[in-house]
Participant: 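Got a structure here, written out as structure tokens. Questions coming.
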Amino acid sequence: MNLLAKSNKKFDFHSELLNWYDKNRRVLPWRALEGETPDPYRVWLSEIMLQQTTVATVKSYFEKFTQAWPTVQDLANADLDEVLAAWAGLGYYARARNLHACAKVVAQEYGGMFPSDTASLLTLPGVGPYTCGAISAIAFDKPFAAVDGNVDRVVSRFYAISDPLPQSKPEIRQYADALMQDHRAGDFVQALMDLGAMVCTPRTANCTICPLQSACQGLALGIADELPKKLRKKPRPTRKGTAYLVQRADGAVLLRKRPAKGLLGGMLEVPCTPWIVDLEASTNSGSNTVEHTFTHFHLVLEVVKAQTIDDAEHRPAESHVWVGLEQLASSALPTVMKKVLIKALGPDALKA
Ligand code: SF4
């Protein structure tokens, strides 16, 4: 691919975008204000949280984490269960486990200072090429692209890339790399993200207010709103199961810990049957069911309530634990299990 063949040599993409950014940049809790030095811990924490999750959702979690653990050392010293409980509701729980593991490595092997070279960054748990690029650029001002969904969209539209995602990823990456310069690399990466979030948005390309409009090929060809194209996803299968909400006379409910690895790893759950694929798609939602959509499947759980006693003969198995009603709100419960508890115990079940 000849990058220059598709780009407008006279248009100064870098300057135009940075000029726009200087007037329009978003103020975000994890972002250094103009003139401030970014804190790599906050940059890393926010980038991990923002994977697969919206800015609006991440804000309160970011505040909670940085209040509880103001430094990477504090996070490294926390119990994993505490971290999982604070993460509950953000989804993709492997991120929380990697977050904690990464904090430990940075605290123990790097003296609490994030390394600034990409080779070391890439060895950290949970840090892949995207996060490595984002930390390198935003925290250390190095000219590495960080291609998130916003950047996919802006680059696809600006260069009129009509191959669908994800096949077009390598081409987008090449364009994004070619746009990077040493000057204000961190601001440039954040400017591309902000443009994608504020102007060149998923719903609409607001070209009339865009600093790139005079050279944008998607706009010139009248196809901006159709890009980026995406391959149609396969429909998600439905799985079904039964959740048993067992409650003691004093109100405590029986929960069990999921295995450390795998879906919702290390989180608490209401004991369930295995979630099996509903081959006949015969499961209907009803008044005693909850539904939840994961990345790869849709789940329908029937909720069954039972009362029990907790005397010496009814001790729970080791992986199970009785949790008092007042502790439910601060327990490491994923969203699907919060839905089960609300279904069984009523809308106030998780109010602290
Ligand atoms: S001109 Fe329109 S399509 Fe092109 S980058 Fe700007 S908002 Fe997106």
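Every number for a ligand or one of its atoms is a count from 1 in the order of the listing. Residue indices begin at 1 and follow the sequence shown.
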Participant: Would the Phe13 and Phe158 ring centres measure less than 6.0 Å apart?
Facilitator: yes
Participant: Give a yes or no answer on whether the side chain of Tyr61 reaches the backbone of Ala88 with a donor-acceptor pair at less than 3.5 Å.
Facilitator: yes
Participant: Looking at Arg157, which atoms of ligand 1 are within less than 4.0 Å of one of its heavy atoms?
Facilitator: 3 (S)
Participant: Note the single closest protein heavy atom to atom 8 (Fe) of ligand 1, along with its residue, its atom name and the distance in Å.
Facilitator: Cys200 SG, 2.4 Å
Participant: Check ligand 1 against Cys210 and write out every atom of the ligand that is under 4.0 Å from a heavy-atom position of the residue.
Facilitator: 1 (S), 5 (S), 6 (Fe), 7 (S)
Participant: Hey, which atoms in ligand 1 end up nearer than 4.0 Å to a heavy atom of Ala224?
Facilitator: 3 (S)
Participant: Do any of the N, O or S atoms of Cys216 sit under 2.8 Å from atom 4 (Fe) of ligand 1?
Facilitator: yes
Participant: With a 3.5 Å cut-off and no angle check, do the side chains of His298 and Thr293 form a donor-acceptor pair?
Facilitator: yes
Participant: Are Phe65 and Phe62 an aromatic pair, judged by ring center distance below 6.0 Å?
Facilitator: no
Participant: I'd like to check which ligand 1 atoms, numbered from 1 as shown, lie under 4.0 Å from a non-hydrogen atom of Gln213.
Facilitator: 1 (S)
Participant: Are Thr131 and Gln51 close enough that a side-chain donor and a side-chain acceptor fall under 3.5 Å?
Facilitator: yes
Participant: Can you label the angle between the Tyr175 ring and the Tyr159 ring as parallel, tilted or perpendicular, going by 30° and 60°?
Facilitator: parallel
Participant: Quick test: of every protein heavy atom, which one is nearest to atom 2 (Fe) of ligand 1, and how far off is it to 0.1 Å?
Facilitator: Cys207 SG, 2.3 Å
